[in-house]
Amino acid sequence: MSEITYVRGDATAPSVRGVKVIAHVCNDIGGWGKGFVLALSRRWPEPERAYRAWHRERASNDFGLGAVQLVQVEPQVWVANMVGQRGIRRGGRGVPVRYDAIDTALARLAGEAARLGACVHMPRIGCGLAGGEWSRVEPLVLGRLVERGIAVTVHDHGERPK
């Protein structure tokens, strides 16, 4: 595989067989309550609980920009909480997305997906509330996942992306 597959639909409900990782970007301040995480929480309580505990106990774990937390939600489905966003506010300092952190997280995710023999499903990570541009994120996904032979499907939900 040398490309990302793009589909319309819900990234929390990939309709393929085998082990799947649903990847998304989280902020580094412990906030969970807007955007794609709401769809995750409607489907499974575990990713939010795990993320909040991970943040709460950050003094004694690896929580921070670029970190990845894998949470198993079904026998063949995992959610990857990837910290790739500094804060939640847009303003004078620009958008919250941190491309270098997403790149680091994707590199870590690649190792985990390969270990699990999993494909990866995601929305256009870092491009919603984080304010990122897919033209900058897509090459990171290609370089870190697709070029390692990991099948990636991007799910567009709702309006057509820009």
Side-chain angles (χ1 to χ4, degrees), residues 1-28 31-32 34-40 43-44 47 50-51 54 62-74 76-88 90 93-162:
M1 169 174 253
S2 60
E3 293 185 9
I4 297 169
T5 300
Y6 291 88
V7 300
R8 279 209 136 334
D10 183 355
T12 68
S15 61
V16 297
R17 293 184 182 270
V19 180
K20 298 162 276 297
V21 175
I22 299 167
H24 72 107
V25 167
C26 303
N27 61 64
D28 67 346
W32 183 290
K34 290 185 177 181
F36 183 71
V37 298
L38 295 178
L40 287 171
R43 197 161 178 93
W44 306 287
Y51 170 79
W54 189 32
D62 67 343
F63 185 92
L65 288 170
V68 177
Q69 179 190 51
L70 277 181
V71 181
Q72 189 168 15
V73 293
E74 292 181 13
Q76 294 200 332
V77 180
W78 299 75
V79 170
N81 293 330
M82 302 188 306
V83 185
Q85 178 181 330
R86 167 80 68 199
I88 57 173
R90 297 178 186 212
R93 291 190 162 146
V95 295
V97 69
R98 294 295 178 264
Y99 297 107
D100 57 338
I102 290 175
D103 189 46
T104 299
L106 288 170
R108 291 176 175 156
L109 175 60
E112 293 299 321
R115 180 182 63 78
L116 293 167
C119 57
V120 174
H121 296 260
M122 63 179 67
R124 292 185 187 234
I125 58 171
C127 298
L129 296 173
E133 297 173 15
W134 187 246
S135 63
R136 293 189 60 189
V137 176
E138 183 183 45
L140 304 177
V141 174
L142 288 166
R144 295 298 186 175
L145 298 173
V146 175
E147 288 179 11
R148 284 195 59 183
I150 297 165
V152 176
T153 302
V154 171
H155 298 254
D156 288 319
H157 192 58
E159 293 290 317
R160 285 212 178 271
K162 296 176 186 176

Residue pair [X] / [Y]: nearest heavy atoms and the distance that separates them:
X: Pro96; Y: Ala130; answer: CD-O, 3.1 Å
X: Ala11; Y: Pro123; answer: CB-N, 4.0 Å
X: Ala113; Y: Ile150; answer: CB-CD1, 4.0 Å
X: Ala101; Y: Leu65; answer: CB-CB, 3.8 Å
X: Pro14; Y: Lys20; answer: CG-CD, 3.6 Å
X: Gly66; Y: Thr104; answer: O-CG2, 3.8 Å

Can you tell me how far the [atom1] atom of [X] sits from the [atom2] atom of [Y], to the nearest 0.5 Å?
X: Arg17; Y: Cys119; atom1: CZ; atom2: SG; answer: 13.0 Å
X: Cys127; Y: Glu138; atom1: SG; atom2: CD; answer: 9.5 Å
X: Ile125; Y: Gln85; atom1: CD1; atom2: CD; answer: 11.5 Å
X: Ile22; Y: Thr153; atom1: CD1; atom2: OG1; answer: 11.0 Å
X: Leu106; Y: Met82; atom1: CG; atom2: CE; answer: 4.5 Å
X: Leu142; Y: Glu147; atom1: CG; atom2: CD; answer: 6.5 Å

May I ask you to test the [X]-[Y] pair for a side-chain heavy-atom distance under 4.5 Å?
X: Glu74; Y: Trp44; result: yes
X: Glu133; Y: Tyr99; result: yes
X: Val73; Y: Arg43; result: no
X: Leu129; Y: Phe36; result: no
X: Val68; Y: Glu112; result: no
X: Val16; Y: His121; result: yes
X: Leu109; Y: Arg144; result: no

Parallel, tilted or perpendicular, as decided by the 30° and 60° cut-offs, for the rings of Trp54 and Phe63: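 Perpendicular: the ring planes of Phe63 and Trp54 meet at over 60°.
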Aromatic plane relationship, Tyr51 with Trp32 - under 30° parallel, 30 to 60° tilted, over 60° perpendicular: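 Taking Tyr51 first and then Trp32, their aromatic rings sit tilted (interplane angle of 30° to 60°).
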Under 3.5 Å: donor-acceptor pair, side chain of Asn81, backbone of Val71: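 No, because the side chain of Asn81 does not come within donor-acceptor range (under 3.5 Å) of the backbone of Val71.
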Donor-acceptor under 3.5 Å (Asn27 side chain, Arg86 main chain):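 Side chain of Asn27 to backbone of Arg86: no pair is present.
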Side chain to side chain contact (heavy atoms under 4.5 Å, CB included) assessment of Arg124 paired with Val137: CA-CA 8 Å; Arg124 292 185 187 234; Val137 176; over 6 Å; no
Qualifying residue, where the test is side-chain contact (heavy atoms from CB on, under 4.5 Å) with Met122 and the options are Val141, Val21, Val25: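 For Met122, the side-chain contact (heavy atoms from CB on, under 4.5 Å) test succeeds with only one of Val141, Val21, Val25, which is Val141.
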